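Reading through the structure tokens given below for one structure.
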Amino acid sequence: TYQFALAGTCIELGRVYSTASHWEESDQALREALELCERLVRDHSDNVEYRIQLATVTHNRGELGMSRGQPQEALDQFASATQILQAQVESPEPPAWSCMLVRNSWFGQARALCQLRRNDEAMQAWQHAVDMDSRCGQNSNRDLLFVWRSELLARGNDLAGATTVVDELS
């Protein structure tokens, strides 16, 4: 539909603005996309593509929060993106894009929690990301997730654990 395409354009525009560090413009584009996506999901609650797009814009708002140094705002957005797709990823054969987006949103939560110095919760979110990554098939980011785990362990002063994780990757 036209609204779906327009929302996709707004999402991409928000990403481009964010990459160029134009935070306000990015926020405005993502808010427009969010309004369109929420309306589409409300009017067509059974459409998986609309839910994925809503989760995508929500996840991107989390990334924007991280870029702006607002980890609590980012955490809220990442958690929301995860919730939007929870039913899809629990199905026997979830869409691959849903798995990747939920994995990335759990990973985003881990990063935000780490910035908030909530390391135990960050480690739990990281574990959810790893669990979801195992369902992503060829789109796995296992090594990157383990590099981040070593950083989380190091921040929590578990240097031996961080070293062990790095050694396992080599």
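On a predicted model such as this, the values are computed, not experimentally measured, just so you know.
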Pairwise distance [atom1]([X]) to [atom2]([Y]) - rounded to 0.5 angstrom:
X: Gln72; Y: Gln77; atom1: CD; atom2: CD; answer: 11.0 Å
X: Ile11; Y: Thr58; atom1: CD1; atom2: OG1; answer: 8.5 Å
X: Leu30; Y: Cys37; atom1: CG; atom2: SG; answer: 10.0 Å

*Under the side-chain contact (heavy atoms from CB on, under 4.5 Å) criterion, do Asp27 and Leu64 qualify, and how do the steps go?*
CA-CA 8 Å; Asp27 186 51; Leu64 178 61; 3.8 Å; yes
*Connected via hydrophobic side-chain network under 4.5 Å: Leu36 and Tyr2*: yes
*asked:* Going by side-chain contact (heavy atoms from CB on, under 4.5 Å), Cys10 matches just one of Glu35, Arg31, Gln28, Glu32. Which one?
replied: Glu32
*Using side-chain contact (heavy atoms from CB on, under 4.5 Å) as the criterion, point out the one residue from Leu101, Thr82, Val102 that pairs with Met132.*
Val102
*Going by the side chain to side chain donor-acceptor pair (under 3.5 Å) test, which pairs reach into residues 4-26, not counting sequence neighbours?*
Glu12-Arg15, Glu24-Arg68
Among residues at least two apart in sequence or on other chains, which ones pass side chain to side chain contact (heavy atoms under 4.5 Å, CB included) with [X]?
X: Ala129; answer: Arg103, Trp106, Phe107, Leu145
X: Val48; answer: Ile52, Gln88, Pro95
X: Glu38; answer: Leu34, Leu54
X: Asp131; answer: Gln127

*Taking the hydrophobic residues Ile, Leu, Val, Met, Phe, Trp and Tyr, and joining any pair whose side-chain heavy atoms are under 4.5 Å apart, which ones share a cluster with Leu116?*
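Answer for Leu116: Leu75, Leu113.
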_Per the salt bridge (Lys or Arg N to Asp or Glu O under 4.0 Å) rule, what does the pair list look like for residues 73-102, sequence neighbours excluded?_
none
_Partners passing salt bridge (Lys or Arg N to Asp or Glu O under 4.0 Å) against Glu63 (at least two apart in sequence or in another chain)_ =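 If we apply the salt bridge (Lys or Arg N to Asp or Glu O under 4.0 Å) test to Glu63, skipping adjacent residues, the hits are Arg111.
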*Residues forming a salt bridge (Lys or Arg N to Asp or Glu O under 4.0 Å) with Glu121, sequence neighbours excluded*: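 Only Arg118 meet the salt bridge (Lys or Arg N to Asp or Glu O under 4.0 Å) criterion with Glu121.
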_Using side-chain heavy atoms (C-beta onward) and a distance below 4.5 Å, is Asn119 in contact with Cys114?_
yes
_Counting neighbours of CD on Glu49 that are heavy atoms of other residues, nucleotides or ligands and sit closer than 6.0 Å, is the number greater than 12?_
no
_More than 12 heavy atoms from other groups under 6.0 Å of CG on Asp120_ = no
*What closest approach, in Å, do Ala79 and Gln109 show between heavy atoms, and which atom pair accounts for it?*
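Smallest heavy-atom distance, with atoms named: CA-NE2, 3.6 Å.
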*Which atoms form the tightest heavy-atom contact between Ala81 and Ser105, and what is the distance?*
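That would be CB-OG, 3.4 Å.
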*Counting only N and O atoms by type, is there a donor-acceptor contact under 3.5 Å from the side chain of Arg51 to the main-chain atoms of Val41?*
no
_Contacts of Arg39 that satisfy side-chain hydrogen bond (donor to acceptor under 3.5 Å, both in side chains) - sequence neighbours left out_ =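 Testing Arg39 for side-chain hydrogen bond (donor to acceptor under 3.5 Å, both in side chains), a comparison that skips the adjacent residues, returns none.
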_Test of understanding: with side-chain hydrogen bond (donor to acceptor under 3.5 Å, both in side chains), list the residues that count as partners of Gln3, not counting sequence neighbours._
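Gln3 satisfies side-chain hydrogen bond (donor to acceptor under 3.5 Å, both in side chains) with no other residue.
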_Please list all pairs meeting ring pair (Phe, Tyr, Trp, His ring centres under 6.0 Å) that have one or both residues in residues 39-92, counting only residues at least two apart or in different chains._
Phe4-Tyr50, His44-Tyr50, His59-Phe78
